[in-house]
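Data block below; observations after.
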Amino acid sequence: MGIYETLGVRPVINASGPVTRLSGNPMHPDVAAAMAEAAQLCVRIDDIQEAAGRYLAEISGAEAGYVTTGAAAGLALSAAAAIARFDVAAMDRLPDTAGLPNEIVIQRAHVTDYSHALRLPGAKLVEVGYVGYPGQGVTWPWDVESAITERTAALAFSIGSAKGIVSLAEMAAIAHRHDLPLIVDAAASLPPRENLRRFIAEGADLVTFSGGKMIGGPQASGLLLGRADLIESVALQQQDMDVYPETWPWRQRYLESGRLPGPPHHGIGRPMKVGKEEIVGLVVALRRFMTRDLEAERRDQQVQLELIIDALRDLPGVAPGLLDDSAAPRPYPTAIIRLDERRLERSAESIVNQLAEEDPPVAVSQNFLDRRALGLVATTLRPGEAEIVAARLKEVLSH
């Protein structure tokens, strides 16, 4: 009897992609084995974080790296580092930012529901520019620069497809003119592998990626890359700080050197602590990611999607097809099934629900419900599951 069965939970056939609500990707056996091995021994978390950070810096060209509990945690820790810097008293106060620079300037087109993570340590978002490009929906560099005051702690940028924005390189130049860090949300920007280096090379000071998406790491993992001083602040605000100054393993580095007056207390990042299993799992997944044949994986995913499309092609009221890469919301093959709801005499939402609630449960992407369409992604499908998805869709869409 499997663990899910003992818990009374039904596994889902996931044709929606590595989304958090569906627990991300099935994990490669090498990653799972590494995590199981790591779980058997105790290590100092700051030691293994530093070792992982050296590897993250090596593959990204950043000064330093840090493993987080996801990309959103990376954003929250980045904001905390930008606000508190190396002030242990400020670290102790967050999210109370009274008297501290706590504003983060962000283009309005880059404000998403994930931007809440930036607010978590007490930051206030200062939105600039407009949406609705081409029209008047444009942001100019002067919009950004004019919003910077003595209260500004950082600038933020979100990787995506928004048009009419100030570019990452321009945002970095503005930030650096004012001696401010630029925080970049690149959660779902891998692949291509080149993005591990690209955003740092363009001037970002902190870049956060999800570890549980296409990298194939644990779902509750992420990587934060950037300036060494900011990563140090992140570590001091995230680590277990229940220590005496005289026995703190970092006493020589920070206390005897005079860099800090004493160890900080548990910081704003304490609820986001990372386990040794996640750190090891992410590193092993990244090593695989750096050598995987991503093009071969894309071709295999496309074959699986075409199999499903072929099974639905002749159904009345159904128009399946592959999206062009430029129209896909993520950097992997995506199929779209356009529905004639009037002819089918039912809504797209009812079809999503039926697929999810019957046996076996099948989850499809809801990214296209506004177009009255279902989405399909093959990155999370295991061998043989494309055929099951095709059969379930054909059954549901034929009645």
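Counting begins at 1 with the first residue of the sequence. Just so it is clear, the values below take in all heavy atoms, side chains as well, and ignore hydrogens, waters and symmetry mates.
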Open item on the list: Quick one, D205 and I183 - any side-chain contact, counting heavy atoms below 4.5 Å?
Closed with: no
- [ ] Applying salt bridge (charged side-chain N to carboxylate O under 4.0 Å, His left out), run through R292 and E297 and close with a yes or a no.
- [x] CA-CA 8 Å; R292 279 161 44 195; E297 291 181 16; 2.8 Å; yes
Task: Residue pair Y254 / E232, side-chain donor-acceptor N/O under 3.5 Å - done: yes
- [ ] List the steps, then state whether side-chain contact (heavy atoms from CB on, under 4.5 Å) holds for S189 with R198.
- [x] CA-CA 11 Å; S189 298; R198 175 188 159 197; over 6 Å; no
Task: Donor + acceptor pair across side chains of Q237, R270 (<3.5 Å) - done: no
TODO: Give the intermediate values and the outcome of side-chain contact (heavy atoms from CB on, under 4.5 Å) for residues L322 and I309.
DONE: CA-CA 8 Å; L322 276 174; I309 289 168; 3.8 Å; yes
Open item on the list: Tell me which one of L155, I159, L75 satisfies side chain to side chain contact (heavy atoms under 4.5 Å, CB included) with V184.
Closed with: I159
Task: Residues D229, R227: salt bridge by 4.0 Å N-O rule - done: yes
TODO: Decide salt bridge (charged side-chain N to carboxylate O under 4.0 Å, His left out) for D340 and R372; before the verdict, give the C-alpha distance in whole Å, the side-chain angles of both, and the deciding distance to 0.1 Å.
DONE: CA-CA 8 Å; D340 184 339; R372 303 294 85 196; over 6 Å; no
Task: side chain to side chain donor-acceptor pair (under 3.5 Å) between Q301 and T379, intermediate numbers included - done: CA-CA 6 Å; Q301 292 163 23; T379 61; 5.7 Å; no
Task: Beyond-backbone contact of R44 with Q49, side-chain heavy atoms, under 4.5 angstrom - done: no
- [ ] Tell me, yes or no, whether the heavy-atom count around Y133 atom OH, taken from other residues, nucleotides or ligands under 6.0 Å, exceeds 12.
- [x] no
- [ ] May I ask you to decide if V166's main-chain N or O and Q107's side chain share a donor-acceptor pair within less than 3.5 Å?
- [x] yes
- [ ] Take atom CD of E357 as the centre, draw a 6.0 Å sphere, and report whether it contains more than 12 heavy atoms from other residues, nucleotides or ligands.
- [x] yes
Open item on the list: With a 4.5 Å cut-off on side-chain heavy atoms, are S221 and T69 touching?
Closed with: no
Open item on the list: For a 4.5 angstrom cut-off between non-hydrogen side-chain atoms, does R288 reach H28?
Closed with: yes
TODO: May I ask you to test the L182-I174 pair for a side-chain heavy-atom distance under 4.5 Å?
DONE: no
Open item on the list: Taking W140's backbone N and O only, do any of them form a donor-acceptor pair with D143's side chain (distance below 3.5 Å, no angle check)?
Closed with: yes
Open item on the list: Do R382 and I13 have side chains that approach each other closer than 4.5 Å (heavy atoms only, starting at C-beta)?
Closed with: no
Open item on the list: Closer than 4.0 angstrom, basic N to acidic O: yes or no for R392 and E358?
Closed with: yes
Task: salt bridge (charged side-chain N to carboxylate O under 4.0 Å, His left out) between R85 and D87, worked out - done: CA-CA 6 Å; R85 300 294 181 103; D87 183 340; over 6 Å; no
TODO: Verify the distance criterion only: is there a donor paired with an acceptor across the side chains of S257 and Q252 at less than 3.5 Å?
DONE: no
- [ ] List the steps, then state whether side chain to side chain donor-acceptor pair (under 3.5 Å) holds for D300 with Q304.
- [x] CA-CA 6 Å; D300 180 62; Q304 293 180 75; 3.1 Å; yes
Task: Any L355 side-chain heavy atom under 4.5 Å of V364 side chain - done: yes
- [ ] For the pair W250 and W248, name the ring-plane relationship: parallel under 30°, tilted 30 to 60°, perpendicular over 60°.
- [x] tilted
Open item on the list: I'd like to know whether OH of Y130 has more than 12 heavy-atom contacts from other residues, nucleotides or ligands below 6.0 angstrom.
Closed with: no
